[in-house]
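The block underneath contains the structure these notes are about, expressed in structure tokens.
Numbering of ligands and ligand atoms starts at 1, following listing order. These numbers were taken from a predicted model, which means no experiment stands behind them. Here, residue 1 is the first one in the sequence, and each next residue gets the next number.
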Amino acid sequence: MQVRTGIAVSPGVVVGPALVLGSENFRIPGKFLRDAVEVELARFRTALDHVCSDIEEHEILVGEQLGSQYAAIFSAHLQMARDPRLISDVEQKIQEDNYSPEYAVSKTLRGLAQQMQNLGDRYLAERALDIFDLEKRLLGELLGERREELSNLTEPVIILAHDLTPGETATLNTDFVLGFATEVGGHTSHTAILAGALEIPAVVGLGRCLAGISGGETVILDGDHGQVVIEPDDSTTNRYRDSQARNLKVSERLESLESVESQTQDGIRIRTMGNIEFPEEVRQCVRRGADGVGLYRTEFLYLGRKNEPTEEDHYQAYRQVLEACGDRPVVIRTLDIGADKVPDRIRHRFAESQNPMLGLRSIRLSLQGTPLFKVQLRAILRAAVYGRAEIMFPLVSSLLEFRQAKMILMDVMEDLEDEGIEFCRDIPVGMMVEVPSAVILAEEFAREVDFFSIGTNDLIQYTLACDRSDPSVANLYRSGDPSILRMIQMVMTAAKKHDKPVTVCGQMSSDPRFVPLLLGLGLRKLSVTPHSIPRLKEVVTHISLPEAERIAAHACTLDLARDVEHFLLGELGRICPDLVF
Ligand code: PEP
Ligand code: MG
């Protein structure tokens with residue numbers, strides 16, 4: 001049994017067979033032999049012969065075209081493939097352990113690669129890549145037509161991968177993918193946020209651990225505590241079964257809150273909104289009794305598809321969400337493309353960026369690519385006739401940007417007017433507060449915007465200079481940092497002065513520990529991952545405003561993130577013990 005700990009990003013516990021994604025994205029079939037040992041041994045030897053002749057051909061070709069020093073790369077590969085110890089290791093696993101050739105190859109080569117990676121020598125660690133390459137070639141031969149693509153799964157699996165891009169995550173087939181875990185990724189990376197949207201358990205930031213796992217092993221994935229257990233023993237399996245049963249009970253109880261209005265014990269109405277990435281998610285929001293959609297991340301219209309969405313594609317998606325929400329507001333955020341959310345088709349435009357989180361992203365890209373921006377704004381204004389739409393600009397870092405974006409919006413309105421197309425003129429226009437400059441100038445912004453929405457995911461990353469998707473700085477990326485509390489206070493003060501509403505739509509509001517704090521700091525609207533709505537309601541309905549204010553006042557006196565978070569966890573345990581486990 002192997003236990004790995006990472007960062008819990010989407011709750012729930014699942015058990016199933018591992019599907020390890022290599023660069024080829026194929027799965028290794030069951031680990032035990034189906035046919036006679038001799039047949040399976042012959043399969044392995046034939047595959048090895050094919051791979052060796054393939055490498056020999058490359059060696060000759062490269063030698064002729066580029067010279068013998070380059071051909072030597074392939075001689076080294078060939079030597080490895082013909083290594084008698086390696087071959088006998090694989091054959092022994094087939095003969096004595098009854099492993100399938102695929103599993104034996106993968107287990108042997110990955111074991112070797114892992115040993116090399118662990119030696120701490122850079123040269124040897126790089127040689128491990130050659131071993132993965134040999135594994136890929138042999139598996140390609142062995143699996144042939146039986147190779148099973150990720151997009152074509154036929155049975156439930158738990159995906160283990162080095163990384164999944166938001167685009168890949170968005171297209172996972174949740175009928176078969178029970179959950180996923182990745183070696184990289186942080187608390188609020190978009191891949192993590194998508195796991196929440198797909199409502200599948202997920203753990204990220206496990207660190208290097210996949211070299212020794214071939215696929216087919218039984219895995220427990222614990223999205224509540226950020227743990228992955230490979231080949232669990234019986235007592236561990238039973239412990240997880242108990243915890244699954246307990247979680248189920250709490251979730252069933254919380255479901256009864258779906259129809260309850262979220263109101264504090266002293267009768268203060270708190271608007272509970274949902275964050276969505278795909279139009280279909282609006283159903284989850286409505287079902288859970290959300291007061292609307294507080295953040296619609298529209299860039300997901302671009303991710304996971306080959307062609308550029310047309311104005312009609314945008315329009316249909318927005319209209320679907322607005323109609324489903326009826327008289328509840330829907331905050332449509334304009335494209336936040338860039339950083340980790342880059343559609344494949346335009347990836348080349350970002351390839352040069354050394355620092356994409358600080359590069360051409362969000363509103364900056366929209367202002368540079370005005371036709372793209374205008375297509376989206378036209379669609380929003382047209383769809384807004386069917387509901388209560390609001391427009392929100394992401395990552396605004398200067399007043400000029402906000403004014404330019406608004407001017408383009410006015411231009412689009414004039415165009416629609418001239419063309420005689422029906423649209424909504426009277427639409428609130430707000431901005432996300434996710435850059436420290438926007439907080440510092442919050443008063444100036446408050447005079448011009450209709451509302452603010454605090455994007456803590458980015459605000460924390462830019463305030464603490466901490467990449468939100470880098471697990472090596474996950475210990476520094478803290479919602480409870482006193483600087484973040486101070487930032488929220490500053491926005492609340494500026495907004496109050498100009499009577500402008502504020503929402504928090506970053507993941508901080510989906511974490512029940514922070515809900516009393518946010519209410520105490522003056523927030524009356526929170527927007528969360530749809531599956532967190534019942535938990536949010538649970539906290540709201542168990543607390544009074546004076547109590548929340550007392551908690552916030554005390555949290556603001558603490559000068560370490562660790563102390564703030566520890567204090568808030570204790571308070572949550574007192575208010576809603578079921579939510580702390
Ligand atoms: C945020 O930054 O908090 C936010 C909600 O936006 P995103 O997570 O899409 O960057
Ligand atoms: Mg953001």
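Residue Lys341 has at least one heavy-atom neighbour below 4.0 Å for each of these atoms of ligand 1: 9 (O). Using a 4.0 Å cut-off to heavy atoms of Gly506, the atoms of ligand 1 that qualify are 3 (O). Atom numbering of ligand 1 starts at 1 in the shown order; those under 4.0 Å from a heavy atom of Cys505 are 5 (C). Residue contact check: Arg361 has heavy atoms under 4.0 Å from atoms 10 (O) of ligand 1. Applying the 4.0 Å criterion to heavy atoms of Ile193 picks out, from ligand 1, the atoms 8 (O). With ligand atoms numbered from 1 in the order given, ligand 1 contributes 1 (C), 2 (O), 3 (O), 10 (O) to contacts under 4.0 Å with heavy atoms of Asp458. For ligand 1, the atoms closer than 4.0 angstrom to any heavy atom of Leu295 are 5 (C). Listed by number with element, the atoms of ligand 1 under 4.0 angstrom from any heavy atom of Asp336 are 9 (O), 10 (O).
The set of protein atoms (N, O or S) found at less than 2.8 Å from the Mg ion (ligand 2) reads Glu434 OE1, Asp458 OD2, by chain and number.
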I would like to know whether Val502 and Leu523 meet side-chain contact (heavy atoms from CB on, under 4.5 Å); could you show each step before the answer? CA-CA 7 Å; Val502 186; Leu523 270 302; 4.0 Å; yes
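A cation-pi arrangement is absent between Arg382 and Phe423 under the rule of less than 6.0 angstrom and at most 45 degrees off the ring axis.
Between the side chain of Asp224 and the main chain of Pro11, no donor-acceptor pair closer than 3.5 Å is present.
Residues passing the side-chain hydrogen bond (donor to acceptor under 3.5 Å, both in side chains) test with Lys374, sequence neighbours excluded: none. Not counting sequence neighbours, the partners of Cys209 by the side chain to side chain contact (heavy atoms under 4.5 Å, CB included) test are Arg4, Glu183, Leu206.
Of the protein's heavy atoms, His190 NE2, 3.3 Å lies nearest to atom 7 (P) of ligand 1. Among all protein heavy atoms, the one lying closest to atom 2 (O) of ligand 1 is Glu434 OE1, 2.8 Å.
Heavy atoms of Gln461 stay at 4.0 angstrom or farther from ligand 1.
Within the structure, the salt bridge (Lys or Arg N to Asp or Glu O under 4.0 Å) test picks out the following pairs touching residues 476-494 (sequence neighbours left out): Arg478-Glu565.
Each of Lys525, Arg328, Arg269 was checked for a salt bridge (Lys or Arg N to Asp or Glu O under 4.0 Å) with Asp291, and the lone residue meeting it is Arg269.
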